[in-house]
Chemist: 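One structure follows; several queries about it will come next.
Below, read A as the first sequence line, B as the second, and so on, with proteins coming before strands; counting in each chain starts at 1. Side-chain atoms are counted along with the backbone in the values below, which use heavy atoms only and exclude waters and symmetry mates.
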Amino acid sequence: MNDRKGYTSQTDGGLQTESPIVAGPANPFSRPGMNRRAKIRETILAETHVRMETGGNHAHAHLVPKKEPVMTRDSLALVMRDHACHVIAEDYSYKTEAYYTILEHEQAGENICPSSRDVLDAFVVPICLERAKLTGIPVMEWGISQAYVPLPAILYGLNYFATASDFFVVQDNEQAKDVVKHITNKGKYPFCYQKLDDGATIHTCTAVFGQTVGSCTAVREFAEKIYELFSIPLVSMVFVKSANGIVLSSLAPTRYTHLTQKERALLAAYREDQEFL
Amino acid sequence: MSRLGIFVDRKTLSNSEQLSALIHCRDVAEGMGHNVEFLFPVDINKIPKMDALFIRARTDPMNITYVAARMADFHGIPVIDDSDSIQICGDKINMYSHLMKKNVSLPQTVFLSKNDLSVERVSELFDRMGTPLIVKEPSTSFSLRVEKVNDIAAFFRVARRFIKMSDWIVVQQYVESTYDWRVGVLGGRLLYACKYTIPSVTFKIQASVNGHIVYCGVESVPETAVPPHVIQLGIDAADAVGNGLYGVDIKNNNGDACVIEVNDNPSLESGEDTCYPHVYEQIIDHLFAA
């Protein structure tokens with residue numbers, strides 16, 4: 001798992017994977033309208049990082065040396081496994097090449113994983129959490145708001161321009177005000193909030209066909225259940241760990257270049273249809 | 001007493017016609033003996049407590065209306081618009097795919113991936129479908145990202161803009177007309193019909209002309225005055241999408257009717273239902289019968 005909050009080391013609970021640590025919210029996927037707002041976002045993020053880092057340990061970006069990815073940027077792969085065609089992609093978002101590839105196969109009546117319904121559900125945070133909760137996966141409590149934020153909290157945008165890769169941790173009203181202004185496009189859209197318990201930490205972990213590399217049992221089980229539910233071959237899971245345990249906060253797309261060497265090897269094995277015992 | 005939730009958002013309430021239509025809907029439902037509650041996005045967790053949900057906000061799989069529809073799905077609550085209809089109608093690639101699969105009459109339509117965007121391909125489309133061509137960004141509504149292009153250069157200017165928003169775009173044969181039929185369909189039956197008269201300064205039902213928004217004229221038309229093949233085509237197109245509430249736009253040139261699009265969450269605030277005074281009763285009955 002990757003410590004996204006930055007101020008709490010997570011070596012004790014066995015939560016860490018060998019995934020690269022990402023220092024704060026980052027969206028590897030350029031979405032419409034994001035460029036023009038990049039400057040505002042950068043300002044908010046810079047401020048968020050300063051606050052995170054003053055809390056304790058600094059986050060380190062990309063500890064794993066960059067290697068040739070198993071797939072190139074934006075590429076897709078179709079893999080036949082268990083009598084179904086699996087689409088491997090970095091980004092399954094609405095109206096992407098991956099989404100339309102899935103749709104095309106669905107229209108042809110083929111057995112395709114994930115389904116277009118699955119990918120829409122998985123990356124819209126409240127839907128993802130509600131669906132996961134109904135199958136017994138522990139999830140964060142969430143609410144929808146236009147302005148109010150209980151503090152501290154994680155915030156996700158809920159609109160055409162938002163992706164689950166973009167989340168913001170807010171600790172005080174001033175910071176919340178800036179983030180809310182940004183993710184709601186100055187109040188145009190609602191957003192999703194998740195109240196954080198005191199001492200809670202945020203972690204990410206990548207799952208490849210429902211498998212993780214070097215994670216604890218709890219996270220491994222999460223990955224398996226999430227794959228069973230959404231059938232997404234490549235997904236980044238965001239968790240919150242507190243005194244009450246580990247719960248799911250969201251699912252997000254993953255860049256091939258963000259995979260560790262072992263995750264790349266795992267993905268390559270699935271692409272080559274190797275048997276897993 | 002059954003509880004009906006009417007899901008709205010701030011943008012739904014942007015003019016007095018929309019507000020009047022919502023109040024009329026509430027009055028009708030209450031007159032039928034239901035308790036009605038307006039639900040805003042912040043009230044989304046109240047959806048499981050409702051017996052039916054009627055979404056009256058601009059729908060899209062990427063906005064809060066889709067969350068509302070899925071919440072209703074998860075808790076077994078009948079909903080208009082259902083999440084399948086939002087997913088299909090919100091994306092013209094998906095919508096036209098469903099219509100093609102059921103052989104519903106359409107103008108010639110091609111989907112173009114950003115990877116297929118080449119001069120040769122575009123030139124071939126002009127040769128095949130004629131000039132001008134219509135280019136659509138798949139999630140456009142109110143004709144916002146629909147453009148008419150007359151040559152390859154114009155095609156690329158528009159396509160490059162749309163490709164930033166979607167990896168695939170729609171290219172369609174241009175069908176000229178002075179008005180579109182709008183056939184309202186509910187549960188596979190005609191609900192209402194009207195004509196949308198296209199302003200002479202544009203080819204769209206709504207357009208920005210010299211900085212001013214130009215709207216189409218709306219004329220409600222009784223069933224007896226609508227060509228039967230137009231009604232049937234509307235019903236067939238709606239059936240290709242689902243069993244909910246749809247507004248099907250049809251061009252009918254010289255009796256040769258074709259579907260321009262199927263809309264979920266069709267507008268009902270501009271006089272579309274003037275000749276059909278029981279539209280809301282039928283919608284509410286349909287919801288509670290599900």
Side-chain angles (χ1 to χ4, degrees), chain A residues 30-35 74-76 89 91 93-109 115-117 119-121 123-135 141-148 157-163 184 187-193, chain B residues 9-11 39-48 57-58 60-76 83-84 86-88 90-102 111-116 137-140 145 161-169:
Chain A
S30 146
R31 306 291 301 157
M34 280 205 149
N35 287 343
D74 290 337
S75 66
L76 297 177
D91 187 3
S93 304
Y94 184 50
K95 297 195 295 175
T96 56
E97 195 69 41
Y99 179 80
Y100 284 130
T101 302
I102 291 166
L103 217 53
E104 210 175 13
H105 284 261
E106 283 178 345
Q107 283 295 313
S115 67
S116 58
R117 161 60 52 86
V119 296
L120 286 181
D121 283 359
F123 299 128
V124 179
V125 176
I127 301 176
C128 168
L129 296 187
E130 196 67 13
R131 199 168 146 186
K133 187 180 171 183
L134 290 171
T135 57
E141 289 295 320
W142 57 272
I144 303 293
S145 177
Q146 304 266 175
Y148 164 78
L158 268 182
N159 58 69
Y160 187 77
F161 307 105
T163 80
T184 62
K188 272 189 200 158
Y189 306 105
F191 63 92
C192 175
Y193 66 81
Chain B
D9 69 15
R10 289 177 187 182
K11 279 186 276 182
L39 302 178
F40 283 80
V42 293
D43 304 315
I44 209 148
N45 284 317
K46 290 183 184 172
I47 289 175
R58 192 177 298 178
D60 187 281
M62 295 305 286
N63 76 19
I64 193 72
T65 56
Y66 189 71
V67 180
R70 288 298 278 148
M71 286 289 283
D73 288 345
F74 294 146
H75 297 278
S83 57
D84 281 335
I86 295 175
Q87 188 190 351
I88 296 166
D91 171 8
K92 294 195 188 323
I93 303 272
N94 200 342
M95 185 251 296
Y96 289 130
S97 298
H98 276 79
L99 298 180
M100 287 169 180
K101 202 172 170 181
K102 296 283 181 179
F111 307 140
L112 201 58
S113 158
K114 65 177 179 186
N115 303 323
D116 294 335
E137 193 278 313
S139 62
T140 181
R145 291 183 294 279
R161 186 154 55 88
F162 291 172
I163 285 289
K164 287 180 190 161
M165 289 174 253
S166 170
D167 284 354
W168 286 24
I169 56 172

Chemist: Go through the structure and list residues passing salt bridge (charged side-chain N to carboxylate O under 4.0 Å, His left out) with Asp167(B), not counting sequence neighbours.
Modeler: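 Scan of Asp167(B) (salt bridge (charged side-chain N to carboxylate O under 4.0 Å, His left out), adjacent residues dropped) gives Lys114(B).
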Chemist: side-chain contact (heavy atoms from CB on, under 4.5 Å) for Ser166(B) and Tyr94(A)? Distances and angles first, verdict last.
Modeler: CA-CA 8 Å; Ser166(B) 170; Tyr94(A) 184 50; over 6 Å; no
Chemist: Pick from Ile44(B), Ile93(B), Asn63(B): which one has the most heavy-atom pairs with chain A under 4.5 Å?
Modeler: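 Ranked by contacts with chain A, first place is Ile93(B).
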Chemist: If the condition is side chain to side chain donor-acceptor pair (under 3.5 Å), which residues does Gln146(A) pass it with, not counting sequence neighbours?
Modeler: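 None.
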Chemist: Heavy-atom cut-off 4.5 Å, strictly under: side chain, backbone, both or neither for Met71(B) against chain A?
Modeler: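 It is the side chain, since no backbone atom gets that close.
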Chemist: Kindly give the heavy-atom pair with the smallest separation between Lys95(A) and Ser139(B), and that separation in Å.
Modeler: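 For Lys95(A) and Ser139(B), the tightest heavy-atom pair comes out as NZ-OG, 2.7 Å.
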Chemist: Backbone N or O of Gln107(A) within a donor-acceptor pair of the Lys101(B) side chain at under 3.5 Å?
Modeler: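 Yes, the answer is positive, given that a donor and an acceptor are paired below the 3.5 Å cut-off.
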Chemist: Let me see the working for Ile144(A) and Phe40(B) under side-chain contact (heavy atoms from CB on, under 4.5 Å), right down to the final yes or no.
Modeler: CA-CA 10 Å; Ile144(A) 303 293; Phe40(B) 283 80; over 6 Å; no
Chemist: Roughly how far, to the nearest 0.5 Å, is CG of Leu134(A) from NE2 of His75(B)?
Modeler: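 One finds 5.5 Å between NE2 of His75(B) and CG of Leu134(A).
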Chemist: Among the options Asn45(B), Asp91(B), Asp73(B), Asp84(B), pick out the one with the most heavy-atom pairs lying under 4.5 Å from chain A.
Modeler: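 Max contact count across the listed options: Asp91(B).
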Chemist: Need one label for Leu103(A): side chain, backbone, both or neither, based on atoms under 4.5 Å from any heavy atom in chain B.
Modeler: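 Side chain of Leu103(A) only, per the 4.5 Å heavy-atom cut-off to chain B.
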Chemist: If you compare all heavy atoms of Pro190(A) against all heavy atoms of Ile64(B), which two are closest, and at what distance to 0.1 Å?
Modeler: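 Where Pro190(A) meets Ile64(B) most closely, the heavy atoms are CG-CB, 4.0 Å.
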Chemist: Check whether any side-chain heavy atom of Asn94(B) sits under 4.5 Å from a side-chain heavy atom of Tyr100(A), and report yes or no.
Modeler: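 Asn94(B) does not reach Tyr100(A) side chain to side chain.
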Chemist: On a heavy-atom basis, which atom in Ser145(A) and which in Val42(B) lie closest, and how many Å separate them?
Modeler: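 Reported closest heavy-atom pair: CA-CG1, 3.7 Å.
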Chemist: Taking all atoms of both residues into account, what is the closest heavy-atom pair of Ser113(B) and Glu97(A), and its distance?
Modeler: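 Here Ser113(B) and Glu97(A) meet closest at OG-OE1, 3.0 Å.
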Chemist: Identify the two heavy atoms, one from Val124(A) and one from Pro61(B), that lie closest to each other, and give their separation to 0.1 Å.
Modeler: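 Closest pair (atom of Val124(A), atom of Pro61(B), distance): CG2-O, 4.2 Å.
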Chemist: Counting only heavy atoms closer than 4.5 Å, note whether Phe111(B) contacts chain A via side chain, backbone, both or neither.
Modeler: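 Contact with chain A is absent: no heavy atom of Phe111(B) under 4.5 Å.
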Chemist: Contact part of Asp60(B) toward chain A, heavy-atom cut-off under 4.5 Å: side chain, backbone, both or neither?
Modeler: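 Answer is side chain: those atoms of Asp60(B) sit under 4.5 Å from chain A.
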Chemist: Say you draw a straight line from CZ of Arg117(A) to OG of Ser83(B); how long is it, rounded to the nearest 0.5 Å?
Modeler: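 Spacing of CZ (Arg117(A)) from OG (Ser83(B)) equals 3.5 Å.
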Chemist: Can you tell whether the side chains of Arg70(B) and Asp121(A) come within less than 4.0 Å, N to carboxylate O?
Modeler: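 Looking at Arg70(B) and Asp121(A), the cut-off is met.
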Chemist: Hey, what do you get for CZ (Phe161(A)) to CE (Met62(B)), rounding to the nearest 0.5 Å?
Modeler: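 That separation rounds to 10.0 Å.
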Chemist: What part of Tyr99(A) is in contact with chain B, defined as an atom under 4.5 angstrom from a non-hydrogen atom: side chain, backbone, both or neither?
Modeler: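 Side chain of Tyr99(A) only, per the 4.5 Å heavy-atom cut-off to chain B.
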